[in-house]
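For reference, the structure discussed in these notes is given below.
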2 protein chains.
Amino acid sequence: MKTVTIKDVARHAKVSISTVSRVLNESGYVSEQTSQRVWRAIEALNYKPNQLARSLTTGRSRTIGLVLPDITNPFFPAVARGVEDAANVNGYTVILCNTDADPEQEKAYVTALREKRVDGFVFTVSGPDASTILGLIEADIPVVVIDRCVEGASVDSVLIYNEQWAYEATMHLIGLGHRAIAYINGPDDLTTSKERYAGYRKALADAGVSFNPALVRTGDFRYPSGHARMRELLASGQEVTAVFAANDMMAIGAMRAIQEWGLRVPEDIAVVGFDDILLASLIKPSLTTISQPAYHMGALAVEMLLERIGGAQGGEARTKICHARLVVRESCGGRREEFGTRNRGVGQP
Amino acid sequence: MKTVTIKDVARHAKVSISTVSRVLNESGYVSEQTSQRVWRAIEALNYKPNQLARSLTTGRSRTIGLVLPDITNPFFPAVARGVEDAANVNGYTVILCNTDADPEQEKAYVTALREKRVDGFVFTVSGPDASTILGLIEADIPVVVIDRCVEGASVDSVLIYNEQWAYEATMHLIGLGHRAIAYINGPDDLTTSKERYAGYRKALADAGVSFNPALVRTGDFRYPSGHARMRELLASGQEVTAVFAANDMMAIGAMRAIQEWGLRVPEDIAVVGFDDILLASLIKPSLTTISQPAYHMGALAVEMLLERIGGAQGGEARTKICHARLVVRESCGGRREEFGTRNRGVGQP
DNA sequence: TTGAAAGCGTTACCAG
DNA sequence: CTGGTAACGCTTTCAA
């Protein structure tokens, strides 16, 4: 496998490699005639510049690392598409890594990607440990954190008002007359979980509904944990007429547990989720949830990242807050979904 | 951002860069004492080798490209996890690309990845055009094709017997007494579609059920197309008592269309899918489908790829056939799902 | 408008 | 066991 190099092109076109480089990068002057000759040589030889070599000299790899906890949660593929598309438009490639919500994995990936000299990171942190992010900042490597914030670090981030939207979700249930509202949280140490939990409690407080700690459980954002926590709640004998889960995967798990227990959704227990993954509108009953613009958030993160990469290193950390909204469907009874307005993330402008 | 290089380490440890390289790669002899000193320097300086430079000299990037049509179809994230995990175990990084089933995108990605000098590709082709694959083969770049085969090219591949399993699926419906069985195919030009279609027809033929071309429609493997094709079928006035869709996303779309039409699944129309994405077991009614070991297929593809990368360039193209199976659930009435044995892909050994 | 040559950070070969 | 020194393929001054 003899690779064609810039040298071969130069020889073929009977010019110096500097000239080939110039026409390739459209840098510096080169006569129309020579340029033609070089292009012909490039095509004749089917030459592809070696980006590795290029990166080594320029110091930029035109690659960004995307670090996510779990690509099998449909929320993240939507984010990933947004990141990928926005990156591609700008000539960047994305390396996607799954941490399985494991901080060790996360560290390992970041190390590997740093060694590959990615130009920046888009991140959904897997745990409360800020050290990885801090390491990046210290090394002056651009990072944008998405969906979760990092306590103790000043980073660019793309977020939604988790507390507010959890508040809305809970209020919706309260508005439907529910008082025994269980809450299944995500991992306690994530800001996302804390904020959504805070929203839940604030809603209860504002509505004068007494808070019952026995109705709160902690999951890990995955389907089985929602299922298991819901079973526990049902088995506990506590009265529960509604459940709010910190994300859709857990909400769906909870719904399933309720049905397996012989109860009906929403007649016996209402369910509300968070994220609005595609699945939420497809299951029966369809799931009331908070719709996050996942695709958009990914794309936005890349834009912010590229600005940093483009030089705007200094300055304060910036935070973009994205809009979310409550999508009412069947899983909590009451009103019906506004048709045709739901936001799937992928494919949205 | 002054990056620490091997030179700095050498200076700090008072040895030559050759020595540092040796301890780093555990190549050649180096005294215990020197080694210690070098390691201390590496840690003191927090040195990270530049993989770009390393790749440039060694000629291998320890990166593989994963090219998939659509990461928002849950089948592919499962494959991706398999690929990623297997790659990581072997010290490889994965660059994941979505082609949106667009051959142009596919070409663009392959070009970009080749320029980045990935060591090999794992591929699910988006179309019938073999030229991209042929280009790779010609350039002696290892490729493993997954889930679909490429006509006119001799490539390593990881497949299942699509025809056989489509046959089983159809036979299952026939066995339940159905005769008016519609079929919603994937894109006509993909081998996967052709084979599944062939299985459908063979089952009809073997059972002596007459084939009705008006009952066959073509979708694109995505939810909306399954929904639309099913609506058309219903609107056509043709008698339909069962539908077999070439993948789960379309089957779920079809199911929804049936329900929106005011009919019940499975009482009025039975539905069978193909893939066994997680979603298939979560919806109501749960979906009878052919279970493919997505995660395993991804991992297997990487193993095959690494063997090629490891030198086994010559020889015939190899094909690994993975086992699939029919998972009977609620969407077609009749028997119930065997509990606890379903294969989700991710998480499986 | 073009060419020569000095790196970029590593590895690998060859002396010592 | 260790050090020097060509590559690797490309960009980027600096001269011409």
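These figures come from a predicted structure and were not determined experimentally. Residue numbers start from 1 in every chain, and the chains themselves are labelled A, B, ... in the order their sequence lines are given, proteins ahead of strands.
- Set against dT11(D), dG3(C), dT10(C), the side chain of Thr58(A) has dT11(D) as its closest nucleotide.
- Side chains of Ser21(A) and Ile6(A) form a contact here, defined as non-hydrogen atoms less than 4.5 Å apart.
- Contact annotation: Asn25(A) side-chain N/O to dT11(D) OP1/OP2 distance is under 4.0 Å.
- Base contact: Ser18(A) has a heavy atom under 4.0 Å from a base atom.
- Note on Thr34(B): only backbone sugar-phosphate atoms sit closer than 4.0 angstrom, heavy atoms only; bases stay farther off.
- One can find a donor-acceptor pair under 3.5 Å joining the base of dG3(C) and the side-chain atoms of Arg22(A).
- Each of dC10(D), dT5(D), dC8(C) was ranked by its minimum atom distance to the side chain of Lys7(B); first place goes to dC8(C).
- Taking the side chain of Ser16(B) as heavy atoms from C-beta on, and the options dT2(C), dG3(D), dT11(D), the nearest nucleotide is dG3(D).
- Distance alone, capped at 3.5 Å, places no donor-acceptor pair between the Arg62(B) side chain and the Gln51(B) backbone.
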For the pair Val125(A) and Ile133(A), evaluate side-chain contact (heavy atoms from CB on, under 4.5 Å) and give the outcome as yes or no after the intermediate values.
-> CA-CA 9 Å; Val125(A) 290; Ile133(A) 299 285; 3.9 Å; yes
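- Relative to the side chain of Ser21(A), the nucleotides dT12(D), dA12(C), dT2(D) differ in distance, and dT12(D) lies closest.
- Contact annotation: Tyr29(B) does not reach the phosphate of dG3(D) (side-chain N/O to OP1 or OP2, under 4.0 Å).
- When only modelled atom types and interatomic distance are considered, Lys116(A) and Ser55(B) share no side-chain donor-acceptor pair under 3.5 Å.
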